[in-house]
Protein chains: 2
Amino acid sequence: METLRVTPLIDHTLLRADASREDIERLCTEARQYGFAAVCVNGCWVELAAWRLEETDIKVATVVGFPLGACDPDVKRFETETAIEHGAHEIDMVINLAWLKAREDRKLFREIRDVVEAAEGRTVKVILETALLNEEEKRLGCELAKGAGARFVKTSTGFGPGGATVEDVRLLREAVGPHFGVKASGGIRNLGSARALVRAGANRIGTSSGVLIAQEEAREAGEGSEPGQQPAEPNPEEEE
Amino acid sequence: METLRVTPLIDHTLLRADASREDIERLCTEARQYGFAAVCVNGCWVELAAWRLEETDIKVATVVGFPLGACDPDVKRFETETAIEHGAHEIDMVINLAWLKAREDRKLFREIRDVVEAAEGRTVKVILETALLNEEEKRLGCELAKGAGARFVKTSTGFGPGGATVEDVRLLREAVGPHFGVKASGGIRNLGSARALVRAGANRIGTSSGVLIAQEEAREAGEGSEPGQQPAEPNPEEEE
């Protein structure tokens with residue numbers, strides 16, 4: 001079986017309401033250390049993260065209309081503009097779920113396209129919150145995201161009733177085709193589940209367990225992991 | 001013991017991501033039927049609720065920066081402006097918890113005052129998410145909400161790790177004094193708990209169980225409840 005590296009696909013994510021400045025700084029440091037794809041932070045931290053990741057290839061992703069997706073669409077557009085001004089490279093927006101369930105295609109297309117336009121060429125990921133949707137709704141979400149100019153569909157906010165499943169990722173990948181992004185997120189806690197989701201078709205993994213996954217992957221590859229970064233095996237010499 | 005009517009203090013709340021148009025219409029109908037203080041809905045429903053409650057005294061409340069409170073402060077201001085344009089009477093904003101924990105008083109004062117100014121005289125409630133705060137942080141939140149021109153402090157979003165407690169409501173009431181609003185919200189499911197929170201000092205109750213509470217209160221007062229509105233005791237004659 002071919003070896004599949006998951007670590008470079010990780011959006012290293014910290015969206016807790018009470019995450020501190022120090023937490024965000026640590027997140028950025030870890031992203032550099034492990035070579036993650038991006039950090040994903042709330043809007044009030046975009047400027048700090050952009051500064052901390054200056055002159056690296058690591059992207060700053062932030063969330064819009066998060067996590068309910070039920071704010072006014074003008075607010076999503078404005079939130080995107082603000083994030084871009086502050087240095088965000090990627091926008092993870094939550095789709096309006098009520099409209100999706102009511103098949104309000106025109107409203108949904110417009111809200112996604114407004115965010116895409118406000119993002120001025122940067123990557124937009126459309127969060128579907130798949131745990132609340134049936135198959136038809138998931139497919140409609142994919143179609144609208146593609147049609148309106150987004151670059152990814154994303155399974156979950158991590159605040160909903162369920163996270164990424166292999167079945168959903170497979171369905172999303174099938175729906176969007178091979179030349180579009182699928183981000184699996186929500187409840188991904190270890191290398192095994194991350195890898196299963198990548199095999200199912202995900203090309204980005206959103207998780208707050210990025211460090212553990214990267215360490216597991218590094219150990220498996222026989223590279224060993226960074227000293228002092230392995231909470232399961234504390235090194236007494238480090239404790240000073 | 002004096003009788004305390006809880007029903008007129010209720011903000012009849014529906015903030016689920018997938019609440020439908022029909023759900024919001026029902027919410028407004030119930031608010032008229034039971035005489036609640038307000039409905040509380042997500043931003044995309046403000047216009048509909050304002051239309052449905054036209055020419056009543058029932059207020060339309062909506063949420064800003066909800067539920068994480070971690071978006072950029074400019075987004076909270078813009079979200080407030082948009083809600084007011086669409087007919088909102090009351091704004092329930094979530095305070096930035098990271099700043100509260102870091103004692104960033106100036107930033108917090110400014111973000112609350114910006115929302116108060118954008119609300120143009122309408123009631124602003126500052127959600128503290130008390131389950132994530134220590135006593136000192138709760139008191140600071142109260143002080144800032146008062147100083148910046150809000151009219152209420154509110155315990156919880158209902159999406160955090162805990163809801164309203166009698167102890168927290170007592171503390172908030174003590175901190176803001178008698179001439180300021182205290183809204184208890186989160187996990188309030190029956191008349192007994194609503195009444196205990198009012199006795200502790202709350203003058204507004206945010207709950208998605210408003211109909212059950214109002215029916216319980218009406219039964220207790222011997223008025224009986226509306227026909228067909230009592231799920232626990234279905235009337236077969238109504239089933240046609």
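Residue numbers start from 1 in every chain, and the chains themselves are labelled A, B, ... in the order their sequence lines are given, proteins ahead of strands.
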Most contact-rich option vs chain A, by heavy-atom pairs under 4.5 angstrom, among N42(B), L68(B), L132(B), V64(B), is L68(B)
Assert top hit (heavy-atom pairs under 4.5 Å, partner chain B, pool H86(A), E47(A), E81(A)) equals H86(A)
Of the listed L97(B), L100(B), T62(B), V75(B), the one with the largest count of heavy-atom pairs under 4.5 Å with chain A is V75(B)
Cut-off 4.5 Å, heavy atoms of chain B, and the answer for A102(A) is neither
Quiz item: Does R139(B) pair with E174(B) as a salt bridge, N-O distance under 4.0 Å?
Solution: yes
Could you please spell out the steps behind the side chain to side chain donor-acceptor pair (under 3.5 Å) verdict for R32(A) and T56(A)?
CA-CA 8 Å; R32(A) 299 173 86 127; T56(A) 73; 5.8 Å; no
- Query: Are any of the side-chain nitrogens in K59(B) or D11(B) under 4.0 Å away from the carboxylate oxygens of its partner?
  - Reply: no
If one checks every heavy atom of F159(A) against chain B at 4.5 Å, the contacting part turns out to be side chain
If you tally heavy-atom pairs under 4.5 Å between each of A98(A), A19(A), G43(A), C44(A) and chain B, the highest tally belongs to C44(A)
- Does the pair R21(B)/E25(B) count as a salt bridge with the N-to-O cut at 4.0 Å? yes
Exactly one candidate in M93(A), E90(A), E117(A), R151(A) meets side chain to side chain contact (heavy atoms under 4.5 Å, CB included) with V124(A); the answer is M93(A)
Most contact-rich option vs chain B, by heavy-atom pairs under 4.5 angstrom, among P67(A), G160(A), G69(A), is P67(A)
Applying a strict 4.5 Å limit to non-hydrogen atoms, the region of D23(A) in contact with chain B is neither
- Hey, are K101(B) and D18(A) close enough for a salt bridge, meaning a charged N less than 4.0 Å from a carboxylate O? no
